[in-house]
Amino acid sequence: MEKFFVYILHSNSLNRFYTGLTSLSVLERLENNIAKKYSIFNFTQKANDWILFHSIECESLSQARMIELHIKKMKSKIYIQNLKIYPEISTKLKIKYKVN
């Protein structure tokens, strides 16, 4: 069974977060972003100092996509920071967007 992850990267130089999803391991995806293996139009190309801030393992691609969109729609650094501080938020998101 394939695993999917929602991941959040942080760049100190940009003082920005980046939220994405992947079927790769989160660390492999981070390494690929740092190595600039993706399109020059990818937002992560703007910095070289990305670190993994937080990740959520999901049950399916559709669940990962819905959680990713939820986080992006929040448009809030505080919300993203709270995801790391309060693990129950991630748990509730996984329940809310569980695909039957």
Side-chain angles (χ1 to χ4, degrees):
M1 184 170 173
E2 193 171 15
K3 291 185 180 182
F4 296 92
F5 299 89
V6 174
Y7 64 96
I8 301 170
L9 306 180
H10 183 262
S11 166
N12 281 327
S13 64
L14 297 176
N15 191 27
R16 296 280 305 267
F17 288 99
Y18 174 82
T19 304
L21 69 88
T22 186
S23 60
L24 302 173
S25 79
V26 175
L27 294 178
E28 184 178 355
R29 183 63 186 217
L30 172 62
E31 290 170 4
N32 288 345
N33 280 317
I34 291 171
K36 301 187 183 301
K37 289 191 175 184
Y38 302 110
S39 165
I40 61 170
F41 301 108
N42 188 307
F43 181 78
T44 58
Q45 302 295 314
K46 296 181 180 189
N48 295 318
D49 65 338
W50 294 105
I51 59 164
L52 178 61
F53 183 80
H54 187 65
S55 67
I56 303 168
E57 185 174 341
C58 299
E59 296 175 6
S60 66
L61 175 60
S62 58
Q63 182 186 45
R65 184 69 179 137
M66 288 185 286
I67 292 172
E68 176 197 24
L69 290 174
H70 174 92
I71 294 168
K72 287 180 174 183
K73 285 179 185 177
M74 296 303 288
K75 297 186 180 196
S76 170
K77 286 183 180 184
I78 293 171
Y79 183 79
I80 289 172
Q81 291 165 339
N82 283 339
L83 282 171
K84 188 172 184 174
I85 296 168
Y86 306 107
E88 61 271 18
I89 296 173
S90 295
T91 302
K92 288 179 181 179
L93 286 173
K94 289 171 71 170
I95 292 167
K96 179 178 182 176
Y97 295 111
K98 185 171 181 69
V99 178
N100 295 328

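None of these values were measured; they are calculated from a predicted model.
The NZ atom of K94 sits 16.0 Å away from the NZ atom of K96 when rounded to the nearest 0.5 Å. Note that CG of L9 and CG of L14 are 11.5 Å apart. Values are rounded to the nearest 0.5 Å. Within the model, atoms OH of Y7 and CD1 of I71 stand 12.0 Å from one another, a figure rounded to the nearest 0.5 Å. Taken to the nearest 0.5 Å, the OG1 atom of T19 stands 4.5 Å off from the CD1 atom of I80. Atom CD1 of I95 and atom CD of Q63 lie 10.0 Å apart (nearest 0.5 Å). Distance check, rounded to the nearest 0.5 Å: CZ of F17 to OG of S76 gives 9.5 Å.
Residue C58 forms a side-chain contact (heavy atoms from CB on, under 4.5 Å) with just one option from L21, L93, V6, and that option is V6. Paired with E28 under the rule side-chain contact (heavy atoms from CB on, under 4.5 Å), one option of L30, V26, N32 passes, and it is N32.
Both I56 and M74 belong to a common hydrophobic cluster when Ile, Leu, Val, Met, Phe, Trp and Tyr are linked at side-chain heavy-atom distances under 4.5 angstrom. If you chain together hydrophobic residues whose side chains sit under 4.5 Å apart, I8 and I67 fall into the same group. Hydrophobic clustering places Y79 together with M66 (ILVMFWY residues linked when any side-chain heavy atoms are closer than 4.5 Å, directly or through intermediates).
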So K77 and N15, side-chain contact (heavy atoms from CB on, under 4.5 Å) or not? Walk me through it.
-> CA-CA 10 Å; K77 286 183 180 184; N15 191 27; 3.4 Å; yes
Run the numbers on F43 and R16 for side-chain contact (heavy atoms from CB on, under 4.5 Å), then give the verdict.
-> CA-CA 10 Å; F43 181 78; R16 296 280 305 267; 3.9 Å; yes
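Applying the ring pair (Phe, Tyr, Trp, His ring centres under 6.0 Å) rule to pairs touching residues 80-100 yields H70-Y97, sequence neighbours excluded.
Heavy-atom contacts from other residues, nucleotides or ligands closer than 6.0 Å to CD1 of I78 number 12 or fewer. Residue-environment remark: NZ (K98) stays at or below the threshold of 12 foreign heavy atoms within 6.0 Å. Atom NZ of K3 has 12 or fewer heavy atoms from other residues, nucleotides or ligands within 6.0 Å.
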Side-chain donor/acceptor pairs under 3.5 Å, residues 46-55, sequence neighbours excluded:
from : atom 1 : to  : atom 2 : distance (Å)
N48  : OD1    : K36 : NZ     : 3.0
D49  : OD1    : S11 : OG     : 2.6
D49  : OD1    : S13 : OG     : 3.1
D49  : OD2    : N12 : N      : 3.2
D49  : OD2    : S13 : N      : 2.8
D49  : OD2    : S13 : OG     : 3.4
W50  : NE1    : T44 : O      : 2.8
W50  : NE1    : A47 : O      : 3.4
H54  : NE2    : S90 : OG     : 3.2

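Taking all atoms of both residues into account, the shortest heavy-atom contact from A64 to F4 is CB-CB, 4.0 Å. The minimum heavy-atom distance between S23 and E2, with the atom names listed, is CB-OE2, 3.2 Å.
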